[in-house]
Amino acid sequence: MALKRTHTIQELNPGMAGHPVVLTGWVNTRRDHGGLIFVDLRDRSGLVQVVFNPEISRPAFELAERIRNEYVIAVAGTVRMRPEGTVNPNLPTGEIEVYASELELLNTAKTPPFYLEDNIQVDEILRLRYRYLDLRRQEMKNNMVLRHRVIKSLRNFLDERGFLEIETPILTKSSPEGARDYLVPSRIHPGEFYALPQSPQIFKQILMVAGIEKYYQVARCFRDEDLRADRQPEFTQLDIEMSFIDEEDIMELTESMLARAFADGIGRQISVPFPRMTYDEAMKFYGTDKPDLRFGLVIQDLTDLLRESEFKVFATAINSGGVVRAINAQGCASMSRKEIDDLVKLAIDLGARGLAWIQVTDEGMKSPIIKFISPEELDGIASRLEAKPGDLLLFCADFEDTVARVLGGIRLELGRRLQLIDEDALSFVWVTDFPLLEWDEEEKRYIAVHHPFTSPQDPEQLEAAPQSAKARAYDLVLNGTEIGGGSIRIHSRTLQDKMFALLGLTAEEVADKFGYMLEAFEYGAPPHGGIAFGLDRLIMLMAKRDSIRDVIAFPKTQSASCPMTHAPSTVREEQLKELNIKTIIK
RNA sequence: GGAGCCGUAGUGUAGAGGUUAACAUGUCGGCCUGUCAAGCCGAAGAUCGCGGGUUCAAGUCCCGUCGGCUCCGCCA
C-alpha cells in the first residue's frame with residue numbers, strides 16, 4: 001500500500017481547503033459522467049465526495065472508471081470548496097470535496113446482496129448472513145457506536161464511585177432453579193459438564209464475602225430458552241453488587257448512573273428520581289409487572305360494585321374468588337363491530353372467556369349485556385370509570401391473574417392502536433415489593449419469583465405465611481420493558497437454608513449445588529445486594545429499535561442459529577469420542 | 001409444545017386456476033465534464049423455498065415440510 005491515510009473523513013472541513021490529504025475507505029456510490037467521475041468515499045466516520053478529472057490526473061481517472069461499489073480504495077488529493085450551486089446540504093461534508101490526484105485500488109468487492117443504506121426493507125436472514133455488510137450501514141454502525149459510548153459511560157461512572165470490575169467464570173457449575181443451562185462437556189472429567197452462567201449471581205455474592213464491597217461486570221449471560229425480539233440466548237448484563245447497603249443505595253446509584261448514560265449516549269436529560277410503584281399496584285392498574293406509563297387507560301376494579309350483579313358472568317367470577325375489572329377506552333364508542341370483535345379475539349387469545357363491552361353514547365349506554373346490569377350498577381361503573389359519551393368500556397371477569405393478563409394486553413393494544421404512545425418519552429418506573437415466592441402447580445412446590453438468594457422483607461413471617469411473603473426486590477422498567485432488576489440478598493446461612501427448604505430442595509441437593517456458597521457465608525458474609533441491567537435492551541431503547549438484534553453485532557435468529565457461521569453445527573466423530581459423548585440423533 | 005403472518009430475477013414487490021411470470025431498483029455494456037436516489041440508450045438476469053396432491057391446466061387451491069418474523073408457554 002503506497003498511500004497512507006492522513007485524515008479520517010470526519011476530520012475534513014472547509015477550513016482545510018487547499019490542503020493535500022490521503023483518504024481510505026469504501027466506494028459508497030459512483031456517478032460516472034463520462035468526462036468527470038464522482039465517488040462518494042465512506043470510512044467509519046462519514047462520507048465525502050471525491051472528484052476524478054482527467055485534466056488533474058489521467059491515470060487516476062482511468063482507474064476510477066473501473067472501480068465499483070464497495071471497492072476499497074486510497075485517494076490522494078486536495079480538499080476544495082465545492083463550486084457555487086453544487087453544495088450538498090444533506091452531507092456533513094457537503095460544502096467540500098476532494099480533487100483526486102492519485103487513486104490506489106486496495107481491493108475489489110463483489111456487488112452486495114442488498115442495499116447498504118438506512119431504512120432498508122430486506123429479509124433479516126440476509127442481513128445476518130452478510131452481517132459484515134449490514135454493519136457497514138450507517139444506522140447499524142451508529143448502534144455499535146452508541147453501545148460503545150453507553151458501556152464506556154457506565155464504566156466511567158462506576159469507576160468514579162469506587163467499583164471494581166471483576167471477571168467471573170464462563171465455565172461454571174450447573175444449578176437447579178431458573179432457566180435451562182447451556183452445558184459444556186468436560187474432556188478431563190468424562191461424563192461431567194460445565195454450565196455457562198445464566199448470570200454471575202453466586203460469584204458476585206461470594207465476591208462480597210471476599211470483601212470486594214463494590215463490584216461490577218459487563219457480563220455475558222446464557223439461557224437456553226426460546227427467543228423473542230428482546231431475548232437472545234446469550235446477552236449482556238451490567239452486573240452490580242454492593243455490601244453494607246439497602247434498597248435506597250441501589251436506586252440512587254442506578255438513577256445517577258442512568259442519568260449519565262442517557263446524557264453520554266443520546267444527549268437526553270432524564271428526570272430523577274424515578275417514580276415507584278408496588279408490584280400489587282402495577283398488576284392491578286396496568287395488568288403487568290412492567291407497566292408502560294407513557295399513556296393512561298388505567299385498569300379499574302369493579303368487583304365491589306358487581307358482587308350482587310344479575311349478570312351471571314360477573315357474579316359467578318366474583319363468587320368463585322375472581323374479580324371484575326374494566327378499562328375505559330376513551331373516545332372508542334365509534335369503533336366498528338369488527339374492531340371490537342378484534343379486541344374480543346385478543347382477549348380470548350390472552351386466556352379470557354370473553355370480553356364484555358358497553359358503548360357510552362349521548363343517548364345512554366348501549367351493549368348486549370346492558371339488560372343484566374342494574375341502573376345503580378351502571379351509575380357506579382360510569383362514575384368509577386369516569387365514562388363520558390363517546391367512550392367504550394371493556395370488562396373482564398375471571399381470576400385475578402387472568403384479568404390482569406387480559407386487560408394488560410388489551411391496554412397495550414389500545415395504546416398502540418389509538419397512538420397514545422409518545423415515541424420520544426422515556427418513562428422509568430421502579431416496581432417494588434414483589435412477592436418472594438409463587439406456587440408452581442406443575443412441580444407442586446414454591447419457586448422463587450426473583451431468585452433463591454433474595455431476602456424476604458420479614459424473615460420472621462417467612463415460615464408462617466410463605467405465600468404472602470414480600471421480597472426485598474426491585475425491577476426497573478422503561479417504557480414497558482424490564483431493563484433491570486435486583487434485590488437485597490440473604491447473607492445469613494441459616495436464613496438461606498430456610499429458603500432452600502421452602503423451595504423444596506433436599507439437604508443433599510443444597511449441599512451438592514450450593515454447598516460452597518453456604519460455606520462461604522459462614523466466614524463473615526456482609527449484608528449485601530445488587531442489581532443487573534439488560535444492556536442490550538437498554539441500548540435498544542436508546543436507539544429506538546424494536547429488537548435487540550439491531551444492537552448486537554452478531555445476533556442469532558429466533559431458532560437460535562447464526563446464518564453467518566451456521567452455528568450450531570455437527571462436530572467430528574473424534575471430537576465427540578474425546579468428550580465421551582454419544583448423540584442419540586441418527 | 002402452541003397460534004398467527006411471510007417465502008416469486010441480486011434486492012423490494014405485483015401476479016387470487018388459463019399465452020412467453022410483470023414493475024422498480026441493482027448488475028453488465030454504450031453515451032455523457034457538476035452529479036449527489038445523476039441522466040439517456042441497450043442487454044442479461046427466475047428450480048415462483050422444497051416435496052406431494054387436486055385439476056385438461058397450479059406461482060395461484062389443498063396437505064406436508066424447511067426457513068424467517070411476531071406472540072403465548074418458557075425466560076430463578
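Proteins get letters first, then strands, A, B, ... in listed order; numbering begins at 1 in each.
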Proximity to the side chain of [X] - top-ranked nucleotide from [options]:
| X | options | answer |
| --- | --- | --- |
| A/N69 | B/rG68, B/rU27, B/rG34 | B/rU27 |
| A/S559 | B/rG68, B/rG34, B/rG73 | B/rG68 |
| A/P83 | B/rG73, B/rU33, B/rG34 | B/rG34 |
| A/T111 | B/rC74, B/rU33, B/rU27 | B/rU27 |
| A/Y99 | B/rC74, B/rG34, B/rA37 | B/rG34 |
| A/D226 | B/rG10, B/rG73, B/rU35 | B/rG73 |
| A/P54 | B/rC36, B/rU33, B/rG67 | B/rU33 |

*Ionic contact status for A/D239 with A/K204, cut-off 4.0 Å*: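 Result for this pair is yes, salt bridge flagged.
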Could I get the full list of salt bridge (Lys or Arg N to Asp or Glu O under 4.0 Å) partners for [X], not counting sequence neighbours?
| X | result |
| --- | --- |
| A/K513 | none |
| A/R127 | A/D134, A/D550 |
| A/R411 | none |
| A/R353 | A/D398 |

Work out how far the [atom1] atom of [N] is from that of [M], and round it to whole angstrom.
| N | M | atom1 | answer |
| --- | --- | --- | --- |
| B/rU11 | B/rG64 | P | 28 Å |
| B/rC61 | B/rU8 | P | 15 Å |
| B/rG39 | B/rU33 | C1' | 14 Å |
| B/rU25 | B/rA37 | P | 14 Å |
| B/rG26 | B/rC36 | P | 13 Å |
| B/rC75 | B/rG15 | P | 43 Å |
| B/rC62 | B/rC28 | C1' | 43 Å |
| B/rA14 | B/rA24 | C1' | 11 Å |

Give the rounded distance in Å between these two atoms: [atom1] of [X] and [atom2] of [N].
| X | N | atom1 | atom2 | value |
| --- | --- | --- | --- | --- |
| A/R31 | B/rG34 | CZ | C1' | 10 Å |
| A/Q558 | B/rC75 | CD | P | 17 Å |
| A/E95 | B/rC36 | CD | C1' | 15 Å |
| A/M540 | B/rU70 | CE | C1' | 14 Å |
| A/Q121 | B/rG68 | CD | C1' | 15 Å |
| A/D230 | B/rC69 | CG | P | 14 Å |
| A/I348 | B/rG4 | CD1 | P | 15 Å |
| A/F38 | B/rA38 | CZ | P | 12 Å |

Is any N or O donor-acceptor pair between the side chain of [X] and the base of [N] shorter than 3.5 Å?
| X | N | result |
| --- | --- | --- |
| A/Q49 | B/rU35 | yes |
| A/R68 | B/rC28 | no |
| A/Y115 | B/rG10 | yes |
| A/R82 | B/rU35 | yes |
| A/E97 | B/rG34 | yes |

For [N], the Watson-Crick or wobble partner whose two distances fall under 3.5 Å:
| N | answer |
| --- | --- |
| B/rC61 | B/rG53 |
| B/rU35 | none |
| B/rC5 | B/rG68 |
| B/rU13 | B/rA22 |

*State which residues pass side chain to side chain donor-acceptor pair (under 3.5 Å) with A/N53; sequence neighbours excluded, sorted by chain then number.*
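Scan of A/N53 (side chain to side chain donor-acceptor pair (under 3.5 Å), adjacent residues dropped) gives none.
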*Pull out every residue in residues 488-496 of chain A that has a heavy atom closer than 4.0 Å to any atom of RNA chain B, ordered by number, or say none.*
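Nucleic-acid contacts, sorted: none.
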_A/R80 vs A/K345, nearer the 5' end of RNA chain B by closest nucleotide_ =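 Looking at RNA chain B, the more 5' nearest nucleotide goes with A/K345.
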_For A/D349 and A/L91, find the nucleotide of RNA chain B closest to each by heavy atoms; which residue's nucleotide sits nearer the 5' end?_
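Taking each residue's closest nucleotide, the earlier one in sequence belongs to A/L91.
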*Examine A/R80 relative to A/Y99 and say whether NZ or CZ is less than 6.0 Å from the centre of the six-membered ring and inside a 45° cone about the ring axis.*
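Yes, a cation-pi geometry holds between A/R80 and A/Y99.
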Residue-phosphate contact under 4.0 Å: [X] side-chain N/O, [N] OP1/OP2:
| X | N | answer |
| --- | --- | --- |
| A/S561 | B/rG68 | yes |
| A/R231 | B/rU70 | no |
| A/R228 | B/rC72 | yes |
| A/R549 | B/rU70 | yes |

*Between A/F434 and A/Y279, does the ring centre distance come in under 6.0 Å?*
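Yes, the ring centres sit under 6.0 Å apart.
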*Kindly say whether the aromatic ring centers of A/H491 and A/F521 come within a distance under 6.0 Å.*
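Centroid separation for A/H491 and A/F521: 6.0 Å or greater.
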Considering every strand and a 4.0 Å limit on heavy-atom distances, what is the contact class for [X]: base, sugar-phosphate, or nothing?
| X | value |
| --- | --- |
| A/P113 | sugar-phosphate |
| A/D32 | base |
| A/Q198 | nothing |
| A/E117 | nothing |
| A/T86 | base |
| A/I120 | nothing |
| A/I447 | nothing |

*Validation row: A/P452, A/F500 side chains within 4.5 angstrom (heavy atoms)*: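 Yes, at least one pair of side-chain atoms sits under 4.5 Å.
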*Any donor-acceptor pair under 3.5 Å from A/T93 side chain to A/I96 backbone*: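 Not a single qualifying donor-acceptor pair exists.
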*Measure up the A/H451 and A/F453 rings against each other and bin them: parallel (under 30°), tilted (30 to 60°), perpendicular (over 60°).*
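Rings of A/H451 and A/F453: tilted, as their planes differ by 30° to 60°.
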_Stacking between B/rG34 and A/H33, yes or no? Criterion: centroid separation under 5.5 angstrom, plane angle under 30 degrees._
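By the stated criterion, A/H33 and B/rG34 do not stack.
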